[in-house]
Amino acid sequence: MPRTAFIYTKSILERVSFDAKLFCKELEKAIKNLLPYEIELLRDWLLEYTVEKPELKQCLVYIK
């Protein structure tokens, strides 16, 4: 079940990745709803995902 929340969060973030401001807003919401180990998974995923989208790297401050 918790894995589903993580997968859902990733899909939302992928959908809004066209807009850095919206991406940051959704990331903040996700951090409030995910469990600590899911946040660790999200951090790892974000580090990989933002390699191809450097405009989103500014949002990593919310998860570090």
Side-chain angles (χ1 to χ4, degrees):
M1 179 82 165
R3 196 81 158 150
T4 306
F6 171 68
I7 292 169
Y8 176 73
T9 298
K10 279 185 8 181
S11 72
I12 294 295
L13 291 172
E14 287 171 344
R15 284 188 224 149
V16 299
S17 64
F18 64 91
D19 180 2
K21 186 175 180 180
L22 186 56
F23 188 88
C24 291
K25 185 176 178 182
E26 289 298 327
L27 181 58
E28 282 185 281
K29 285 198 293 188
I31 291 168
K32 292 177 186 174
N33 294 320
L34 292 175
L35 297 172
Y37 78 92
E38 291 174 317
I39 293 173
E40 291 295 322
L41 292 172
L42 185 63
R43 177 182 295 130
D44 295 341
W45 177 80
L46 280 169
L47 290 173
E48 276 186 44
Y49 189 72
T50 57
V51 167
E52 296 177 12
K53 298 183 179 271
E55 67 275 8
L56 299 177
K57 285 192 183 264
Q58 65 185 350
C59 300
L60 293 177
V61 299
Y62 294 110
I63 203 157
K64 290 191 178 191

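- Taking the side chain as every heavy atom from C-beta outward, Leu27 and Leu60 never approach each other to under 4.5 Å.
- Contact between Cys59 and Ala20 at its shortest, heavy atoms only, is SG-O, 3.5 Å.
- The CG atom of Leu46 sits 13.0 Å away from the OH atom of Tyr62 when rounded to the nearest 0.5 Å.
- The minimum heavy-atom distance between Glu26 and Val16, with the atom names listed, is CG-CG2, 4.0 Å.
- With rounding to the nearest 0.5 angstrom, the NZ atom of Lys21 is 11.0 Å from the CD atom of Gln58.
- The CD1 atom of Ile63 lies 4.5 Å from the CD1 atom of Ile31; values are rounded to the nearest 0.5 Å.
- With a 6.0 Å radius and a threshold of 12 heavy atoms from other residues, nucleotides or ligands, Phe18 has its CZ atom above the threshold.
- Side-chain atoms of Leu13 and Tyr49, non-hydrogen and from C-beta on, never get closer than 4.5 Å to each other.
- Between Thr9 and Ala30, the shortest heavy-atom contact is CG2-CB, 3.3 Å.
- Both Leu22 and Val61 sit in one connected hydrophobic cluster of ILVMFWY residues. Membership requires side-chain heavy atoms under 4.5 Å apart, directly or through other members.
- Considering every non-hydrogen atom in both Leu47 and Thr50, the closest pair reads O-OG1, 3.6 Å.
- Remark: Leu42 CG to Leu35 CG distance equals 12.0 Å, nearest 0.5 Å.
- Salt bridge status for Glu40 with Arg43: present, with a side-chain N to carboxylate O gap under 4.0 Å.
- Two residues are said to be in side-chain contact when any heavy atoms from C-beta on lie closer than 4.5 Å; Phe23 and Glu55 fail this criterion.
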